[in-house]
Every structure is written in structure tokens, then in C-alpha cells.
Protein chains: 2
Amino acid sequence: MENFTVTEGTPERRYHHGDLRRTLIETALEVMREEQNWQFTLREIARRAGVSHAAPYKHFPDKAALLTALAMIGFDQLRIGLIQARSDAGEDPRAALLPMARAYVDFGNDNPALYRLMFGAEGVNRSDVHLSENAISVFDTVMDVLQRGQLDGALRRRPVRDQATACWSLLHGLTMLSIDGLLLPEKVGLEPLDAAFRTVMEGIASSDENGKMSDVR
Amino acid sequence: MENFTVTEGTPERRYHHGDLRRTLIETALEVMREEQNWQFTLREIARRAGVSHAAPYKHFPDKAALLTALAMIGFDQLRIGLIQARSDAGEDPRAALLPMARAYVDFGNDNPALYRLMFGAEGVNRSDVHLSENAISVFDTVMDVLQRGQLDGALRRRPVRDQATACWSLLHGLTMLSIDGLLLPEKVGLEPLDAAFRTVMEGIASSDENGKMSDVR
DNA sequence: ACCTGAACACCGTTCAAGT
DNA sequence: ACCTGAACACCGTTCAAGT
């Protein structure tokens, strides 16, 4: 629920050498963007930050701690992106669903290494409380818009939690497959997000034009 | 389409020291199961296989090649598990959907490190042709059962590819979230698979009991 | 036809010592 | 209150030499 930022847990300080903690995080994000993975070495980060290879250990107990901090920032950015897409779409919760889905998948494609770190990483301290809180707040954002869609009458009245589980799983799966290059156009078409979205919407939206196709045996 | 096995690409040979290639693969699978990740070192595998740390290089050009071989085996096992679940369920394609979904998610939960290696791994040679072929054949298995469900009349007549994209994404996302411990019961309930499945089925199955709830605004 | 041992250039992490 | 340099115990990978 809380809004974690880069300096979470560490009061703002300016030392003679600057804010090394933040510099390390920003350098790591840069390297991840360049190399498309999070297999960077702590020593490389230190080198690029212009400090000795031992300096990072004054700010992070180990490499896992830095990775965890990065993942937390990622969840934060993702949630902010979703909220942005929702408010851009106006008041209608139904109309916000596709833009939010697009924002989600785009985030993954724009930050593949970060997204994989957030979810698929062995290096991350997965038991970190703050990390799960940040991850969960993404889920809450999805659930919230579905809730309002139901109240609106635009969505079928089913347990919101069930619909949210389906939506989050779908988005996560789509994003991961997309990042990994497994959504081959000749297999899933040119717009897999739209295809998947249409399919799921038939299960979620209130039935209007249903029943037209009565090829039920 | 082809059926890749452990010895793919390497003719069966028995040397005085045994089939080291296969031993390395099996040892790696063991270690992954033990440590719940694929961060093992090649040297550890060699140690446990009882050979020098340089020996693996006679069978794999580098560590990425071993990881790729493991991922390929994983895709193969997954596909076999799906086919098994389908044939266990009998002739009705509609009835096979839930068992297949369960088989998919179970595979991930039973082999978390392997599953993450198959999809989320930086170490894997993702451009390997055989690897993508194995991955794609999983998709084909999903598509096949949906195709038959449509012919049967049990499923809505929509582009099969769209439905398959939605189904695969959903399963993949659900599996990944489950492995990562993000499907917290207090958030998604005790049976997230069933919840997600119900939701998507409403979008995929032929409309029978639809339209009852007419709270359309 | 396969395996070993020494060697190279790296890591992550620690710790006494510096400023 | 923070940073450095040397040191330790590892890696992945190569290669001449062994059997």
C-alpha cells in the first residue's frame, strides 16, 4: 500500500562523495538496460560508479540486496504506469481495461531485464516483506478497476478475486512469453495482446451480443 | 514437432567411463531439484559426476549449452505431461481442458527451477532452434485440444489461435506466479487455478447459461 | 577418443587500514 | 562516517599433456 521509492528505508543524505546508494541503483538499472539481463557483477557497477569494489558493501549487505531493491523499484514503476493508464482512460472502468493491459505488457517489453528480475529471479530475496507488498499492490490495482467495472454493470458479477486472478495471470504470462520471444507471429498472430484480451473479455464482460452464435450441439 | 530426448544430436555411445553427457545432465537436474534454482556451477556438477572440472567441456561448449539442453528436456516433459492428461481425460476435448491446465501448473510447481530455466533464464541460448521448436510444440498441444473442442461444438467458434494465446498466457502466468509464491491465499483464494479457469471458460465455452444475469446498464 | 592438471582472468565477500 | 587495497576462496574457460 505504501509508496516505496528509491531511497526507501534510507534517509536522504548528501556525503562528500554523493549519494552512493542511489548511484549504485541507477548504474545497475543502466547496465540492465544495456545488457538485457541482470547478470551484471557488483564489481562492474562499482567500477562504473567510480568507487572501489568494496564500497557497495557499505550500502547493501550483498548482491541479492541490491537486486531486491531494483525489483522493488520495478514493482513501484509498474503500479504507477497502471494507475496512469487508468486515469488517462477517463471515468469508465470498462474502457480502462485495454489501456491498462497495454501499459502492463509494454512495461515488460520496455524493461525486460527488470521485469524478469521482479518475477523470475533466483538472485532476489523473495522473502523480503516490502518486495511482496509492492508486488501485491499491482494485483490490488487490477482488482480495483474490475470491482468498479462490476458496480458499473459493465462486467459480469462474479467474485472479483477470481476475475483478477485470471487477468493478472494472463497479463503476466503474455508479458513473459513476449519478452522471451515465444509469441511468434505465425503462431499467435500480429497482435497477441488484442487476441487474448478479446477472448478473456468474453468471459468477463456482461453478455450483450452473446448467444448470436448458437452452434451449440 | 520431433521428439527430442536427452541424447538429442548425440548418437548413443558407451565409453569406458560411461555416458558422461547423460550423467552431467542428470546430475544437473538433481542439483536443480535440491537447490531450487539453476545457479549451480559447472565445477560442482563435474565434482558430483566424479570427473575433473574440465571434462564437461568435451560434451558442452559452455555452461549455456548445458542449460539449453536442460530447458529442452523440460519442454519435452511438459508436452508429454499435457498429452498424458488429455488422453487420461478420454475423448471429450471440453473435459480435457481442466486436467490439462492442472497438469501444466503442476509441472511448474513440481519443477520450479526447471520451469524458470525454460522460460525466464538469462543463461539459456534462446536463439537455439531446437529450443524454440520444443517450446512451440507445447503451444501446439494447447491449440489442438481447443480446435477439437470447437469442432465438437463445446467451445465458441472464434479464431483458435486467439483462444490458444489466451490459454497459454493464462497457464504460464499462473504457473510463474505460483512458483514465485505470489498467489497468496488471502488475495486469490485457495484454488486460484479453478478461479482463473472458471473465468476464462466463460469466455471460451459455448454460451448455455449466459444471459441470465442481465444487469447490463 | 576421451580425460586431467595447471593456469588465466575473473567473481563475491571480508577486513584491517586509511581519510 | 564512509571508502580503499589486499586477501581468500571460489568461478568459467582454455590447453598442453596424459591414458
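All values below come from the heavy atoms of this structure, side chains included, with hydrogens, waters and symmetry mates left out. Every chain is numbered from 1, with letters handed out A, B, ... down the list of sequences.
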Evaluation steps, salt bridge (Lys or Arg N to Asp or Glu O under 4.0 Å), between A/Arg148 and A/Asp144: CA-CA 6 Å; A/Arg148 283 170 43 221; A/Asp144 175 64; 3.7 Å; yes

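- Counting non-hydrogen atoms under 4.0 angstrom, A/Lys58 reaches a base of the nucleic acid.
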Output a table of nitrogen or oxygen pairs between the protein and nucleotides 6-9 of chain D separated by less than 3.5 Å.
from  : atom 1 : to      : atom 2 : distance (Å)
D/dA6 : N6     : A/His53 : NE2    : 3.1

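- Within 6.0 Å of CD in B/Glu91 there are 12 or fewer heavy atoms belonging to other residues, nucleotides or ligands.
- Under the Watson-Crick or G-U wobble criterion, with both distances below 3.5 Å, D/dC8 is paired with C/dG12.
- Within the cation-pi definition used here (under 6.0 Å to the ring centroid, within 45° of the axis), A/Lys63 does not qualify as a partner of A/Tyr57.
- Close to C/dC11, at under 4.0 Å from its OP1 or OP2, lies a side-chain N or O of A/Arg47.
- Under a cut-off of 6.0 angstrom, the local environment of CD in A/Glu34 is crowded, with over 12 non-hydrogen atoms contributed by other residues, nucleotides or ligands.
- Across the protein-nucleic acid pair, B/Lys63 atom NZ and D/dG12 atom P stand 6 Å apart, rounded to whole Å.
- Distance CZ (A/Arg21) to C1' (D/dA1): 17 Å, rounded to an integer number of Å.
- Aromatic rings from A/Tyr115 and A/His172 are positioned such that their centres are separated by under 6.0 Å.
- Remark: of the listed residues A/Leu97, A/Ile83, A/Val160, A/Leu82, A/Leu97 is the sole one forming a side-chain contact (heavy atoms from CB on, under 4.5 Å) with A/Val145.
- In this structure, the nucleotide among C/dC3, D/dT4, C/dG12 sitting nearest to the side chain of A/Thr41 is C/dG12.
- Atoms CG (A/Leu42) and P (D/dT4) sit 14 Å apart, rounded to a whole Å.
- When rounded to the nearest whole Å, the span between OH of A/Tyr57 and C1' of C/dC15 equals 13 Å.
- As a whole-Å value, the separation of A/Glu44 CD from C/dC11 P is 8 Å.
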Verdict with reasoning, B/Asp162 to B/Arg156, per salt bridge (Lys or Arg N to Asp or Glu O under 4.0 Å): CA-CA 12 Å; B/Asp162 289 11; B/Arg156 283 189 189 157; over 6 Å; no

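- The pairing partner recorded for C/dT19 is D/dA1, the criterion being a Watson-Crick or G-U wobble arrangement whose two distances lie under 3.5 angstrom.
- D/dA1 atom P lies 14 Å from atom NE2 of A/His59, rounded to whole Å.
- Between A/Phe40 atom CZ and C/dC11 atom P there is a gap of 13 Å when expressed in whole angstrom units.
- Atoms CD (B/Gln39) and P (C/dG12) sit 12 Å apart, rounded to a whole Å.
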